Amino acid sequence: MAFVTRGFHGRQRDSAEAGRLPPGQYIVSGFPVLSAGPTPHTALSKWSFSIEGEIDTPKRWTWDEFQALPKENITKDIHCVTKWSKFDTMWEGVSLDTLLDGVDTAAEYVMAFSDGGYTTNIPLEDLRDGKAWVAYQYNGEPLEAEHGGPARLLVPHLYFWKSAKWVRGLRLMMDDEPGFWEMYGYHMYGDPWREQRYSGD
Amino acid sequence: MFDVPGWGGHRAGQHVDVRLTAPDGYQAQRSYSIASPPEDGMRVALTVERLDDGEVSSFLVDDVRTGDEIELRGPIGGYFTWDVRDGGPLMLIGGGSGVVPLMAMVRHRAAAAAPVPARLLYSVRAIDDVIYHAELDRIAAADPTFMPTLTLTRAQPPGWTGLHRRVDADMLEQAVWPAADAPRVFVCGPTPFVESVADILVQLGHAPQHIKTERFGPTGG
């Protein structure tokens with residue numbers, strides 16, 4: 001139902017953004033913070049990462065065990081459903097391919113779960129083949145709590161609410177279920193290139 | 001203020017997406033909190049703070065005229081919301097233009113004449129930055145169960161006897177019902193404000209799930 005807004009011309013467009021900026025997004029240089037409640041602060045001695053649910057032998061790593069896993073440097077554009085995008089964000093973390101290695105499951109979906117009770121649902125195949133990480137460094141520094149530290153999920157090809165902050169594990173599920181924002185009307189999948197912001201998009 | 005034919009109603013605290021379209025098809029979208037209460041029916045009010053480099057906010061503040069048509073989508077967001085049936089006590093803590101969704105709750109509560117005790121702690125830099133000043137005073141004068149408190153963090157007018165510092169632990173301990181009363185707490189403002197207030201509230205013993213936050217980041221919009 002788009003119609004031309006009287007008097008609106010918009011700012012000058014940067015051709016370098018073309019093809020790299022999903023529809024309806026704009027570029028920021030800062031790193032905005034969005035969370036629904038207080039920021040949890042989890043001691044590293046109490047932190048662990050688990051894979052559970054539809055799996056015969058659940059997996060679990062302590063912080064030290066997690067740090068000993070092969071790590072990767074990741075540079076990706078990120079896109080928040082609140083319209084901002086940020087190019088070339090730099091992270092360090094563990095690939096989900098490493099964490100899911102050897103996991104034999106009939107599950108097709110996961111529910112990521114976090115300290116503070118946050119959850120978000122993602123198809124399992126979106127976490128495989130070099131598309132997702134658990135990141136614990138940002139710009140060469142330990143990830144700050146307000147941005148999801150000690151560790152957050154990083155699934156940059158989906159809107160950023162899918163990159164769960166303060167992530168503590170994945171629950172493997174046979175069927176798709178809505179997570180926190182998905183229950184409040186946000187899209188079950190969240191592809192920024194198809195502008196899947198809200199349910200029905 | 002928009003007349004929105006077919007508006008299906010909203011809950012206080014929700015927002016809308018505003019989409020502007022240029023003649024060449026270029027579009028810009030931003031989210032703005034709804035300032036009006038659900039009781040206003042198909043009339044929806046937004047309060048927009050003009051950001052100097054904000055291509056949408058500056059257009060809405062400077063260029064929109066009465067009678068213009070603007071594309072809205074919403075209501076959006078179902079978590080940072082309050083309805084009188086949710087009960088209280090209701091504790092609202094706003095920084096700057098973060099007061100906008102809280103004002104929708106204040107107006108909803110007043111429109112519904114709900115006897116839910118409510119307090120608003122509202123932090124701004126200077127008295128001229130206070131949005132809805134007269135209306136807040138009017139609601140408070142008519143309703144002893146609503147108590148707004150201002151703190152002016154940078155500049156105070158002559159004779160100002162109210163709070164004049166940033167929100168801190170002492171202020172929150174004074175202003176907020178004790179955790180034992182399980183107030184429903186809504187915090188909205190710039191990220192550092194929200195982070196600080198929410199951290200202090202947790203330290204004061206408030207359950208994290210009773211503290212709902214919305215952050216207005218410097219997102220250039």
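Not measured: the values here are computed from a predicted model. Reminder, nothing fancy here: chain letters follow the sequence lines and each chain counts from 1.
- Inter-residue side-chain proximity for A:Lys83 and B:Ser31 is flagged as met; some heavy-atom pair is nearer than 4.5 Å.
- The 12-atom threshold is not exceeded at CE of A:Met90, counting heavy atoms of other residues, nucleotides or ligands nearer than 6.0 Å.
- Looking at heavy atoms from C-beta onward, A:Thr5 lies out of side-chain contact with B:Glu71 at the 4.5 angstrom threshold.
- Between A:Phe8 and B:Ala28, the shortest heavy-atom contact is CZ-CB, 3.9 Å.
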query: Could you go step by step and tell me if A:Glu146 and B:Arg215 meet the side-chain contact (heavy atoms from CB on, under 4.5 Å) rule?
result: CA-CA 11 Å; A:Glu146 69 178 38; B:Arg215 291 151 167 88; over 6 Å; no
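- Of all the listed residues (B:Gln27, B:Arg73, B:Glu214, B:Glu69), the one sharing the greatest number of non-hydrogen pairs under 4.5 Å with chain A is B:Arg73.
- For the pair B:Ile76/A:Tyr184, no side-chain contact is recorded, criterion being any heavy-atom separation below 4.5 Å from C-beta on.
- Using a cutoff of 4.0 Å between basic side-chain nitrogens and carboxylate oxygens, B:Asp63 and A:Arg6 are not scored as salt-bridged.
- Interatomic distance, CZ of A:Phe180 versus OH of B:Tyr79, reported as 4.5 Å (0.5 Å rounding).
- Judged by distance alone, the side chain of B:Thr213 and the main-chain N or O of A:Pro38 form no donor-acceptor pair under 3.5 Å.
- Within the cation-pi definition used here (under 6.0 Å to the ring centroid, within 45° of the axis), B:Arg30 qualifies as a partner of A:Tyr26.
- The neighbour count for B:Arg165 CZ, taken as heavy atoms of other residues, nucleotides or ligands under 6.0 Å away, is above 12.
- Contact of B:Phe80 with chain A is not made at all, since no heavy-atom distance falls under 4.5 Å.
- Considering only heavy-atom pairs separated by less than 4.5 Å from chain A, the leading option among B:Ile211, B:Leu20, B:Val202 is B:Leu20.
- The local environment of CG in A:Asp88 is crowded, with over 12 non-hydrogen atoms from other residues, nucleotides or ligands closer than 6.0 Å.
- Heavy-atom distances place no part of B:His206 under 4.5 Å from chain A, backbone and side chain included.
- Interface residue A:Tyr186: only side-chain heavy atoms are found under 4.5 Å from chain B.
- Nearest heavy-atom pair across B:Ala22 and A:His9 is CB-O, 3.6 Å.
- Neither the backbone nor the side chain of B:Val194 has a heavy atom closer than 4.5 Å to any heavy atom of chain A.
- By the neighbour-count criterion of 12 heavy atoms within 6.0 Å, atom NE2 of A:His41 is densely surrounded, having more than that number from other residues, nucleotides or ligands.
- Within a 6.0 Å sphere centred on NZ of B:Lys212, other residues, nucleotides and ligands contribute more than 12 heavy atoms.
- Contacts with chain B were tallied for A:Ala36, A:Pro40, A:Gly185, A:Gly24; A:Ala36 has the most, counting heavy-atom pairs under 4.5 Å.
- The heavy-atom pair separating B:Thr21 from A:Phe3 by the smallest distance is CB-O, 3.2 Å.
- Around the NZ atom of A:Lys71, the shell of radius 6.0 Å holds no more than 12 heavy atoms that belong to other residues, nucleotides or ligands.
- Inspection of the B:Glu195 and A:Thr39 side chains reveals an N or O donor paired with an N or O acceptor under 3.5 Å.
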